[in-house]
Amino acid sequence: MAITILDHPLASDLLTILRSRETNPPDFRQTAERLGYLLVAEALSDMPTDPVEIMTPLEPMTGQQLHRPVVAVAVLRAGLGLLQSVLSLVPDAAIGFAGVQRNEETAEPMEYYTKFPTLVDARVLILEPMLATGGSLSWAIDKVKENGANDITAVCVVIAPEGVDRMKDDHPDVRIVAASLDRELNPNYYIAPGLGDMGDRLFGTV
Ligand code: URA
């Protein structure tokens, strides 16, 4: 399984803002979106391009355009924090949603909503910022594969070794792009040092 951890001073700077408990929800959302640009750019870095004939103001030339389609599937609700980054970079990306709630006692995923566009032959970006146990991500990948996806990249902010192991077992064909591989899961299944509950920090819930 391929894992790419961003190696860029901007990513480190933005992730530090996200990690700080002093960062309020508006700043957290804006910073997550900014970090999302770097993550999505990396997740699309191996995308083929197609030649396209254009006219510059001076002369005709052959340019390159991103091969389509691109689909983003936001794992609710934390994945919404990276959605605008995809839409800003690839405005015609189709969007799906995977609604899954973590059972707080077992940390296993419980589905409550799914809606996908056509996934066949698309680059599918699964937006799952916190790869903790890997239960939600593995479940979401099962779902998109059932619906025809065969080119899948998980876009994460922070990943834990336990989640990576789970992904190696369940979905070795999926690439992971993240800003950090953190130390461990704590007994409450939070990533440490982590950044807390991504959904709560995005939306100001407690
Ligand atoms: N989900 C989160 O939002 N944070 C964690 O640390 C783990 C799972």
Side-chain angles (χ1 to χ4, degrees), residues 1 3-6 11-12 14-36 38-40 43 72-86 96-114 125-144 152-171 174 176-206:
M1 191 185 58
I3 301 180
T4 306
I5 305 294
L6 293 185
S12 307
L14 294 167
L15 181 58
T16 300
I17 296 169
L18 292 179
R19 287 191 193 279
S20 169
R21 63 189 291 172
E22 306 303 326
T23 304
N24 61 26
D27 290 341
F28 191 94
R29 280 195 294 274
Q30 192 182 56
T31 306
E33 182 181 331
R34 288 184 178 143
L35 181 57
L38 303 180
L39 292 165
V40 172
V73 173
V75 179
L76 300 176
R77 68 192 157 132
L80 295 175
L82 299 176
L83 187 53
Q84 190 54 49
S85 315
V86 178
F97 297 95
V100 62
Q101 203 162 12
R102 188 161 73 146
N103 181 315
E104 292 302 333
E105 281 161 21
T106 64
E108 283 305 306
M110 298 188 308
E111 172 178 353
Y112 62 87
Y113 179 75
T114 53
L125 304 179
I126 311 261
L127 310 180
E128 170 65 313
M130 305 300 283
L131 174 56
T133 63
S136 301
L137 182 58
S138 185
W139 168 85
I141 293 170
D142 283 339
K143 287 278 164 190
V144 297
I152 303 168
T153 297
V155 180
C156 307
V157 173
V158 178
I159 61 179
E162 293 85 342
V164 170
D165 288 345
R166 169 93 183 243
M167 292 297 296
K168 280 182 186 158
D169 288 343
D170 292 1
H171 298 290
V174 169
I176 297 176
V177 174
S180 174
L181 171 61
D182 272 14
R183 192 180 65 246
E184 62 184 358
L185 289 187
N186 76 7
N188 295 322
Y189 306 110
Y190 279 89
I191 300 174
L195 51 77
D197 186 297
M198 179 89 177
D200 285 347
R201 299 210 54 201
L202 279 168
F203 301 116
T205 48
V206 284

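For ligands, and for the atoms within them, numbers begin at 1 and follow the listed sequence. Here the structure is a predicted model, which is why all the values come from computation and not from measurement.
For ligand 1, the atoms sitting less than 4.0 Å from at least one non-hydrogen atom of Gly196 are 2 (C), 3 (O), 4 (N), 5 (C), 6 (O), numbered in the order shown with element in parentheses. Of all atoms in ligand 1, numbered sequentially from 1 with element shown, those under 4.0 Å from a heavy atom of Ala132 are 7 (C), 8 (C). Heavy-atom contacts of Tyr189 reach the following atoms of ligand 1: 7 (C) (cutoff under 4.0 Å).
Between Asp200 and Arg77 there is a salt bridge, since a side-chain N of the basic residue sits under 4.0 Å from a carboxylate O of the acidic one.
The protein heavy-atom contact nearest to atom 3 (O) of ligand 1 is Met198 N, 2.8 Å.
A heavy-atom distance below 4.5 Å is not found between the side chains of Met167 and Ile3. Within the 4.5 Å cutoff, the side chain of Tyr190 has no heavy atoms near those of the Met130 side chain.
Looking at ligand 1, you won't find any N or O of Met130 less than 3.5 Å from one of its N or O atoms. Taking distance alone, with nitrogen or oxygen atoms compared against 3.5 Å, Ile191 approaches ligand 1 more closely than that limit.
Note that CD1 of Ile176 and NE2 of His171 are 10.5 Å apart. Values are rounded to the nearest 0.5 Å. Considering CH2 of Trp139 and CG of Asp170, their distance stands at 14.0 Å, rounded to 0.5 Å.
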